[in-house]
Amino acid sequence: MTSSPIIIRSVDELRQSVSSALERAQEQAHQQATEEQPAAPVTLGYVATMGALHEGHATLIRRAREQNDVVVVSVFVNPLQFGPGEDYEKYPRTLESDVQVAQEAGADIVFAPDNDQMYPSGTPLITVSSGKLGNLFEGKTRPGHFDGALTVVNKFFNILKSGARHHVVNAYFGRKDAQQVSLIQRMVQDFNHDIVIKPVPIVRADDGLALSSRNQYLSAEDRERALVLSRTLAMLREQQITRGLTEDDISAARERIDAVEGVRLDYLDVIDSETFEPPAADSSKVLALVAAYVGQTRLIDNMELN
Ligand code: AMP
């Protein structure tokens with residue numbers, strides 16, 4: 001583990017740094033190897049972020065640190081995944097403190113490209129289509145969001161893998177963005193990416209609010225109002241565990257959220273987390289998804305119900 005992370009701005013440099021960091025780590029592993037304990041192949045851990053790093057991101061980075069020899073964190077506010085009228089311009093950009101958080105959590109390399117590095121010919125001609133799943137829930141309210149997110153993740157995967165070559169690459173994604181995790185897992189399958197996806201549980205504040213870079217948009221009053229999201233999800237989980245959920249419970253949950261002043265529900269649905277379809281009676285992975293506007297800020301959350 002390096003003491004302070006290298007900050008890299010260009011794609012070519014990233015490839016080279018990843019390649020040499022892995023080589024160095026492998027050499028070190030060989031030097032420390034004994035006859036009883038031969039050197040294991042070294043691995044790369046990767047965390048993709050849009051910056052404004054908080055404890056949720058730090059948890060992903062720490063997980064990557066624990067499980068890998070070299071850790072890369074990308075910080076890039078990807079214009080492709082923001083729709084017209086969304087918060088692309090005002091999205092917090094705090095690279096200096098992000099590097100600090102990444103360092104404390106154990107990153108070796110912070111990749112912070114600008115738009116020209118990621119999209120040298122402007123809007124890319126060839127993009128990833130997120131298909132049917134990409135048009136549901138988040139994708140319904142934010143058309144094109146997942147195509148944009150998958151397109152940039154696809155590029156990051158290609159860049160990292162070309163630097164890491166035969167080394168295993170583990171990529172860590174938060175379950176806070178449950179639909180994104182599923183779509184990335186599908187992309188890896190459908191595009192034969194040689195990358196292992198490691199989902200990480202949601203990190204919450206003590207009062208239950210899911211941590212998000214967008215929480216900093218909330219006034220103190222809005223932050224209090226936002227608690228209705230996690231509390232309603234917890235109520236649904238309680239109902240599911242104690243007696244099984246009914247349609248009426250789900251409707252009541254929607255009403256409970258909409259009843260809070262300053263909060264406007266976008267969607268609240270209960271799905272099978274493998275298919276994102278309504279759960280079958282015997283579904284073992286039932287997930288409640290919620291999105292709502294709290295003041296002007298759009299927040300999402302989700303909770304496994306069983
Ligand atoms: P973002 O910077 O919002 O694009 O998030 C980067 C990564 O951090 C994504 O994989 C998110 O799912 C993950 N993440 C963000 N907030 C949390 C959280 N509260 N708990 C777990 N993972 C999170």
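The chain is numbered in sequence order, starting from 1. Both ligands and their constituent atoms are indexed starting at 1 by order of listing. If you're wondering where the values come from, they're calculated on a predicted model, not measured in any experiment.
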Exercise. How does Leu60 reach ligand 1, by side chain, by backbone, by both or by neither, if only non-hydrogen atoms under 4.0 Å count?
Worked result: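 The side chain, only.
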Exercise. Side chain, backbone, both or neither: which part of Met50 comes within less than 4.0 Å of ligand 1 when only heavy atoms are counted?
Worked result: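 The part of Met50 near ligand 1 is both the backbone and the side chain.
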Exercise. Has Gln67 got more than 12 heavy atoms of other residues, nucleotides or ligands less than 6.0 Å from its CD?
Worked result: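 Yes - once you tally the heavy atoms of other residues, nucleotides and ligands closer than 6.0 Å, there are more than 12.
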For this session: Count the heavy atoms belonging to other residues, nucleotides or ligands that lie under 6.0 Å from CD of Gln32, then report whether that count exceeds 12.
Result: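 Yes, because the 6.0 Å sphere around CD of Gln32 holds more than 12 heavy atoms from other groups.
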For ligand 1, which atoms, with element, lie under 4.0 Å from some heavy atom of [X]?
| X | value |
| --- | --- |
| Thr49 | 2 (O), 6 (C) |
| Phe173 | 10 (O) |
| Leu211 | 16 (N), 17 (C), 18 (C), 19 (N) |
| Ile202 | 20 (N), 21 (C) |

Distance only, no hydrogens: is a donor on one side chain within 3.5 Å (strictly under) of an acceptor on the other, for [X] and [Y]?
| X | Y | result |
| --- | --- | --- |
| Tyr267 | Glu138 | yes |
| Asp114 | Tyr119 | no |
| Asp147 | Thr127 | no |
| Asn68 | Tyr172 | yes |
| Arg165 | Ser19 | yes |

Looking only at protein heavy atoms, identify the closest one to [atom] and say how far it is in Å.
| atom | value |
| --- | --- |
| atom 20 (N) of ligand 1 | Val203 N, 2.8 Å |
| atom 1 (P) of ligand 1 | His57 NE2, 3.7 Å |
| atom 15 (C) of ligand 1 | His54 CE1, 3.9 Å |
| atom 23 (C) of ligand 1 | Lys176 CB, 3.9 Å |
| atom 7 (C) of ligand 1 | Ala48 O, 3.5 Å |

Exercise. Got Phe76 and Thr49 here, is their nearest side-chain heavy-atom distance under 4.5 Å?
Worked result: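 No - every pair of side-chain heavy atoms lies 4.5 Å or more apart.
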Looking only at heavy atoms of [X], does any of them come nearer than 4.0 Å to an atom of ligand 1?
| X | answer |
| --- | --- |
| Ser212 | no |
| Ala52 | no |
| Glu55 | no |

Exercise. Does the side chain to side chain contact (heavy atoms under 4.5 Å, CB included) test come out yes or no for Arg62 and Glu55, once each step is laid out?
Worked result: CA-CA 10 Å; Arg62 280 196 295 269; Glu55 189 51 31; 2.3 Å; yes
Has ligand 1 got any nitrogen or oxygen that is less than 3.5 angstrom from a nitrogen or oxygen of [X]?
| X | value |
| --- | --- |
| Gly174 | yes |
| Asp177 | yes |
| Tyr172 | no |

Donor-acceptor contacts under 3.5 Å from residues 188-201 side chains, at least two apart:
unit_1 : atom_1 : unit_2 : atom_2 : d
Asp190 : OD2    : Arg186 : NH2    : 3.4
His193 : NE2    : Asn154 : OD1    : 2.5
Asp194 : OD2    : Lys161 : NZ     : 3.2

Exercise. Pick one: which of Arg298, Arg214, Arg93, Arg142 meets salt bridge (Lys or Arg N to Asp or Glu O under 4.0 Å) with Asp87?
Worked result: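 So the option named by the test is Arg214.
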